[in-house]
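Every value quoted in this text rests on a predicted model; they were computed, and no experiment measured them. We name chains A, B, ... by the order of the sequence lines, and we start the count at 1 in each one.
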Amino acid sequence: MTALLPRRGLAQVLALIVILAVDRIVSPQFFDLRLQDGRLFGSLIDVLNRGTPVALLTLGMVLVIATRGIDLSVGAVMAISGAIAAGLADSHGLPIVLAAALGAGLVCGLWNGFLVAVLGMQPIVATLILMVAGRGIAQLITEGRIVTFSSPDLVWLGNGSVLGLPVPVVIALGMLILTAAVVRGSALGLLIEATGGNARASELAGVGTRAMILSVYVWCSVCAALAGVIAAADIMGADANNAGLWLELDAILAVVIGGTSLFGGRFSLVLAVLGALIIQTMNTGILLSGYPPEFNLLVKAVVVLAVLLLQSPKLSGLAGIAMRLRRTKA
Amino acid sequence: MENSPDPAPPLLEVRGISKSFGAVRALQEVDFTLRAGEIHALLGENGAGKSTLIKVITGVFPRDAGIVRISGEEVAPRSAKAALGAGIATVYQEVNLLPNLSVAQNLFLDRQPMRFGIVREGEMRRRAKALLADFGLDIDVAAPLGNYSVAIQHVTAIARAVDLSARVLILDEPTASLDRHEVEILFGIMRQLAQRGIGIVFVSHFLDQVYEISDRITVLRNGRLVGERETVSLPRLDLIRMMLGRELAETTSARASVTEHKAREICASFEGYGKAGYVAPFNLELRHGEVVGLAGLLGSGRTETARLVFGAERADLGQAKVEGVPVRLQSPRDGVRHGFGYCPEERKTDGIIAELSVRENIVLALQAKRGLYRPLSRREQDEIARRYVKMLDIRPPDPERPVGLLSGGNQQKVLLARWLATSPRLLVLDEPTRGIDVGAHAEIIRLIRELCDEGLALLVISSELDEIVTYSDRVVVLRDRAHVEELAGEAIDVGHILAAIAADGAATAHEGRA
Amino acid sequence: AQLTIGFSQIGSESGWRAAETSVSKQEAAKRKVNLKIADAQQKQENQIKAIRSFIAQNVDAIFLAPVVSTGWDSVLKEAKEAKIPVVLLDRDIDPSGKDLYLTAVTSDSVHEGAVAGDWLAKTVGTKACNIVELQGTVGASVAANRKKGFDTAIAKHANLKVLRSQTGDFTRAKGKEVMESFIKAEGGGKSICAVYAHNDDMMVGAIQAMKEAGLKPGKDILTVSIDAVPDIFKAMAAGEANATVELTPNMAGPALDAIAAFKEKGTVPPKWIQTESKLYTAADDPQKIYDSKKGLGY
Amino acid sequence: MKGLPPVLITAIVLVAGFALCAMQFPNIASTRVVGNLLTDNAFLGIVATGMTFVIISGGIDLSVGSVIGFTTVFVALAIERWGMPPLVAFVAILVLSAAFGAAMGAVIHVFDLPPFIVTLAGMFLARGASFLLSTESVPITAPVYSTVSDFALRMPGGGRLTAIAIVMLAIVIGGALLLRLTRFGANVYALGGNRTTASLMGVAVGKMTIKIYMLSSLLAGIAGIVFSFYTSAGYSLSAVGVELDTIAAVVIGGTLLTGGQGSVIGTFLGVLIQGLIQTYINFDGTLSSWWTKIATGVLLFAFIALQQGLVALARRPVVKSAGAAS
Ligand SMILES: Nc1ncnc2c1ncn2[C@@H]1O[C@H](COP(=O)(O)OP(=O)(O)OP(=O)(O)O)[C@@H](O)[C@H]1O
Ligand SMILES: Nc1ncnc2c1ncn2[C@@H]1O[C@H](COP(=O)(O)OP(=O)(O)OP(=O)(O)O)[C@@H](O)[C@H]1O
Ligand SMILES: [Mg+2]
Ligand SMILES: [Mg+2]
C-alpha cells in the first residue's frame, strides 16, 4: 500500500501537468512571469490566486468528507463572513474584523456539527439548511447590496503581496501547513480516518466520534469564513448574493479529484488542494482560450471526466499490470 | 459416503490455479478435485488461501492462471451470478447477506417467485418460512435481516445457498457462529444433499466437525496445495502437521488455580446491573487473574451482557464498581478510560476499520485512550504494531497492509492486539476464537491464560463449550436474557453447562446429543 | 380602498435588483399601496407559484418582473380569468402574450447596448480600437440583448472590433477574474483599447484588475457599462471609469400610477411604458449622482 | 410491537404542517391550493421519483436539473425550429436522455468512479449542451401545448387537477409499485445495502447500475417535458439547482443517503413538504429575499427535526419487564 500512495498522487500531478500543457497551447504566454510593483504577475499567479478560495474550502471539506460527511453550506458561510468583514472593515481594526468574521464561521460550524453529530441528521440535508438560510443571513447583513469598504488592511489581505506572492496564496499555504500540522501532528488525522472508515467500530474502540465530527464541521466553516474574507477583500466589497455561489460543488470536486472517497476514511490534504489547483488551472485556461462562453461547461465536463478516468482504480489497475509486465520482462 | 471408483470426470476439477494480490501470492498452482456426492473439507491456517480459492472458482476474483472444469467441461465464470448459473452455490466467509432487506428477500433475491412481472410476496414468504423451518428456525421472515443475530443471518445465508445449489455447494466457515444444535441441523442437511449427488466443499477450523462430516480433506498452506487425503485415513495429528507444517505446541488444558479465586481481588463488579428490555438485572464479579465464561444459546443475552459491562450500552439499573469505586459506564469511552477492552463478535461491522492499516487498527484504542494531544509517534506505532504482529503471528506480517485485505482469522488477531496494546485491566472477548485456525486457536487460549496470570480479568463469550471449559474459572449461564446460573470449580464441565442451559422449559431447550 | 398589489420579484441577485425592490417599496408606501413582494430566488417555477398564490389571495393587481421571457401564458391566463390586471416590470415577455398583461414598464436592453456602443464609437472616433467584452450570465436575455445592441452599434464602425468576449456572470468577482485573464491574453493589456461590460458590477471588478496590472482604467483603457449603480459613479469621480447607461430601478412608480389610473378612472395605459436609457459620463458630476443614489438600496 | 414506519411519520408531519399553515392563512386549506401544489411541483415529483431509486441504490444523480433544462430546449427547438411533431420530439428526447443516463451508469460501473462526480460532470455536460442548442428562451406555440395546459379536472372547491399533475401522480404510483413489487426494485435495495454482497448474491450489479441511472435520466427527461408544458417554452437556464431540491425532497421523505432504505411515497411527501414551505412563504408575502431564504431554512429545519424526533420516539424500545423469564 505504501507503494500505492505515491502512485495515487501521480495521477493528480499528471492531470495537472497535462492541463498546464493544454493551457500553454491555447495561450502561449501562459508561463510568462514578470515582477511588477514588487509582485509577481502572470497567468500562473492568477491560477494560484484565484484558486485560493476553493483551496481553503477544500482544507475543511476534505476533513468533513473523510468522516463520511459533506458540507454544502461553505458558500453561504463565505457570504456571511464576507458580509461581516465588509460591514466592520471601515470602523474597526483588522484583528476585530477577522475575529468577528471567523467567529461567525465558528458558530456556523458548531451549528452544522450539532445537527450532524448530536441530532444525527444526514449531513447533506443538515448543511443544506445553512446553505439556504446562510445566504439569507448574509443578505440580511448587507440588505442585498454590495457593501464596499476601503480599509487598507483588509484590502491588503486580498490584493497585497508578500515576497512577490499574493497575500491570499500565502494565507492558503499557511492554512495548509497549519491544518496538516494539527491533523497529522496530533492524533486527529488517525481518529478522523477511523471515524470515517467505520464509525461504529471507532466508537467501540473508545474514539469520541461525535467530537471528531463536530470538530471537522467547525474547521470546515472556519476555513470557509476565511475564504469569504479573502473573497470580499479581493473585490473590496461583500457581494452576499454571489460570494461563494456554487463553490461547494467545486470544493467537493476538488476533494474527490484529490483522491479522497466520498465514503470517508483515508484523506490527503495536499492532494485535495492539488485538486483545487487542477480545477482552477482548467478554469483559467478556459478564460484564456477565447472560446465563446457557451462552451465553458462542456469543456469543464470533458476535463473533469478525463481527470477522473485518469485516476480510475480500473485504469490504474491496468497501469499496474503493465508495470508488472515490464518488470517481469526486465 | 460414496466410495465406488468413478470413471466419469469429477464434478469439479481445479488445476494449476494461481492468484496474486500485488506482491502477495495468495494461491500458487493449486489443484482441487470434488466428486459428486462427497463432502470435501478444505483446510488450512488463517490466510492459507481457502477463501481466495473459493472466490477464484466462483469468478469473484479473476484468476492469474489455471483452469476449472465442471463435469469435465471447462468453465470460467466471471461473476458470482455466472457461477450460480453453472450450478455452484456459495456461502462466502465474511460477507453474508443484506441486512436492510427482509429475510425472505434475502433468501430469494434475484429469483423471487413472480407473476406478471410482480414478485409474489406472500408466496415468497411462505417458501422462506418453509426453507428456514428445515433449519429449525421460526422467525418473522418479513422483518429486516439486520434485526437478527449473526447466527440467524448465517443460517439464512446457508439456507439460501442450499436452496440454490444445483451441483456444487461451497460453505466457507458456515459453522463459525452456530451453536451445536444448528450445526447438527446443518450437517443433517449436508448429508441429505450429498446423498442427492451434490458435491459439497466445507471450510472450517473445527477439526471435530471436519472429522464428523467430511469424506475427504484437502489442505492448503501458504497458498500451496499440501495434499489431499481420505478423512478416515488421516490421523488428527498428521492433519495438524499438514496444516501448520510443524507440530502443534501442546496446549495445557489443565486449569491450574481454580480453587483460589475467592482470594483474588475484585477488578470490577456489577450489582443489579441491567437494562429494561435488554438484559435482566444481574450480579457479576470479575476478579483479577480470572476468566469468567458466558455460556448460553444464541440470543440468550451474552452479547448484551458484554456490551453493558463494557459501556457500549447504557444500563438503566444497578451500580458498576471498578476496584471497589462506583463508576458510571455511559459510553465505550468510559469503558476504555477505566481500562476495559472489548472485542465485539461482529468484527467486520463493529471491529475492524477495513481501509486502515494493521498498524493503525492496532494503535487505535490506545490512541483514543491517550487522547488527541498525546499522539503516538510513528516510531512508537511501528514498534507496537511490530510487537503484536509478531506476538500473535499476524500474517502477512506487514503492518502497513489495509486490514480489510487480511484473512478473517488474522483480522480477529488484529482486534485482539488493539486491546492488548491498551494494557487493559478487564478484557471482554465476544467469540474470540471464531474463524481462527487450530494453531492460532491454541495460541489465543494460551494467551488468555497468560494474560490472566499477569492479573488481567477476562470475560469471554464462546459458543464452544469445550473451549469455555478449558479456560474458565467460573461460568455464567444465560437463558432468555437473564443470568440463570453460575458454575465454579469442579462444577464446570460441558454436561453441567448444558443442563443449566436447558433447565426447565424443555420445549425451548436445544438438548445435547442424544 | 387601499390597493393590495402582489409583486413577483426575481430575487436578489445583484445590487441593482435590491435597489429595484427597495425603490418599489418606497414608491408603494408613498402611494399608500399595500405591496406584497414574493421573492422567487431566480426561479421561474417560484414566480409561477407566487402568481398563483396572488390569484388565490385575490389581490387587486399583480406586478411581475419575469426572470425569463417565455412561459407565462397559462398562469397569466389564470390571472386574466380572475380579472386581475398584470403589469410587467423591468423585462418584457414573449409577444404571444400581449393581451395577457395591462402594460409593461421596461427599458429596452438592446437599446441600452446600442447607447453604450454609440458612445464608444463617438469617443474613439476613427482610431482603431480593440474591445473586450464582459458578458452577463450565459443564457440570460438581458445579456444577449445588451450584446446585440452593442454589436449592432459598433458594426457601423470598421475601426471597432470585439477582441474577446467571455461571461463574468454579472458579478464583481468574476468580472475581475475574467478581466485579469483578458489582460494576460492580450500582452499585458497593451492591445486593449476599451472594455464593455454588461453591467457595472463586472466593470467595478474589471477596473480593479486593470489597476492591479498597472494599467490606468479610464485613461489607458476606456470603460463603458450599463446600470448606473452608485459605485460606478465613485469610479467615474476618481477618473477610473468613463461611461454608464442608466437602468432605472424605479419601474414600480410608473406602474403604480398606471394601475391607480386604471382602477379609478378605467384609463387603459399604453402597452409599453419605456424607461429612459440615459447615458452618464464624467461630465455629469458623478460625485453628486453617487451621493444621491447611495441611499436607494443598491 | 414496532413503532410507526417513517413514511407515516412524514405524512403526519406534512398534515400537521398543513394544518398549522391553514390556521394562519385559511385560504391554504382549499382544493385550489392543493391543486396548485400538485401542478407546481409536478416536475419535481417526477425527478424525485427517479432520484429515489438512485439514492436507495447508494448513488446520487446531480445531472437531473440540467437534463430537465436540456430537454426543454431540445423539445422547443425540435417542435418550433426543426418542425418535428411534438410526439416524435418527445420520443427522441426520452431516448436521448435515457441513453445519457445509461452512459453515466456505465462510466460509474466500469471505471468504478463515484456517482457524485460522474453525475456532476453529467450536469456540466447537459447544461453546456443546452447552451449550445440555444441561449435564448424559445416559446412553444404548438397547439398540443395549449390544449394540454388548459386541460384540468375540476375538483370540488374550484381546485384544478391539471394534466401534468396527473402525469406526476401516475409516475409516483408507478414508481412506488416498481420499487416495491418487482425484482428490479428488490435489486435496487440490494445494491444500496451493499454492492459487493449484492454482487456475490448474484445480482448483476453492472446492469442494475446502468438501468438505475437510465431510469433517473429518463424520468428527468419526462420532467423536462412536463416543465416545457408548465412554461410553454424551452430555456437553457431552466431548473438550475433543481438537483438539490430533489435530493432534499428524497431525504426529507425518509430515504437514507447511504442507500438501502427509503420509499417513493415518502419522497412524494417530501416534495409536498417543500411545496408547502414555498406556499406558506408566498402566502405570507411580506418577506424580503433574505427573509425568504432564512424562513425556508428554518422551516426545513423544523420539518426535519420534527420528523427525526418522531422517528426517534417510534424507535424507542418498548419498555417491558425483562425479569427472569417465568
Ligand atoms: N482482496 C485482497 N487483496 C489483497 N490480498 C488479499 C485479498 N484477499 C485475500 N488476500 C490475501 O490472500 C491471502 C489468503 O487469504 P484467504 O482469505 O484466502 O485466507 P483463508 O485461508 O480464507 O484464511 P481464514 O481462515 O483466515 O479465512 C491472505 O494473505 C490475504 O491477506
Ligand atoms: N432464535 C432466535 N429467534 C429470534 N430472534 C433471535 C434468536 N436468536 C437471537 N435473536 C435476536 O438476535 C439479536 C441478537 O442476539 P445476540 O447476538 O445478542 O445473542 P447472543 O446471546 O449474544 O448470541 P450469540 O452471540 O451467540 O449470537 C437479539 O435481538 C435477539 O432478539
Ligand atoms: Mg477465509
Ligand atoms: Mg452474541
Stepwise side chain to side chain contact (heavy atoms under 4.5 Å, CB included) check, D:Met201 with B:Lys81: CA-CA 7 Å; D:Met201 289 173 76; B:Lys81 193 180 172 71; over 6 Å; no

Chi angles and distances behind the side chain to side chain contact (heavy atoms under 4.5 Å, CB included) call for B:Ile118, D:Leu181: CA-CA 5 Å; B:Ile118 286 177; D:Leu181 298 185; 3.9 Å; yes

Worked check of side chain to side chain contact (heavy atoms under 4.5 Å, CB included) between D:Arg183 and B:Asp110: CA-CA 6 Å; D:Arg183 192 173 280 177; B:Asp110 215 38; 4.1 Å; yes

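The minimum heavy-atom distance linking B:Leu98 with D:Asn194 is given by the pair CD2-N, 3.5 Å. Between D:Ser199 and B:Ala80, the shortest heavy-atom distance links the atoms O-CB, 3.2 Å.
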Can you give each donor-acceptor pair under 3.5 Å made by side-chain atoms of residues 244-259 of chain D, sequence neighbours left out, with the distance rounded to 0.1 Å?
unit_1	atom_1	unit_2	atom_2	d
D:Asp245	OD2	C:Lys43	NZ	3.1
D:Thr246	OG1	D:Val242	O	2.6

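Put simply, of D:Gly185, D:Gly193, D:Gly192, the one with the most heavy-atom pairs under 4.5 Å next to chain B is D:Gly193. In terms of heavy-atom pairs under 4.5 Å with chain D, the best-connected choice from B:Asn106, B:Val119, B:Val60 is B:Val119. Interface summary for chain D: among B:Met114, B:Gln105, B:His483, the most heavy-atom pairs under 4.5 angstrom belong to B:Met114. With chain D as the partner, the residue from B:Thr90, B:Val484, B:Leu109 showing the most heavy-atom pairs under 4.5 Å is B:Leu109.
The backbone N or O of D:Gly260 sits less than 3.5 Å from a side-chain atom of B:Asn100, completing a donor-acceptor pair.
Looking at B:Arg120, neither its backbone nor its side chain comes within 4.5 Å of chain D, counting heavy atoms on both sides.
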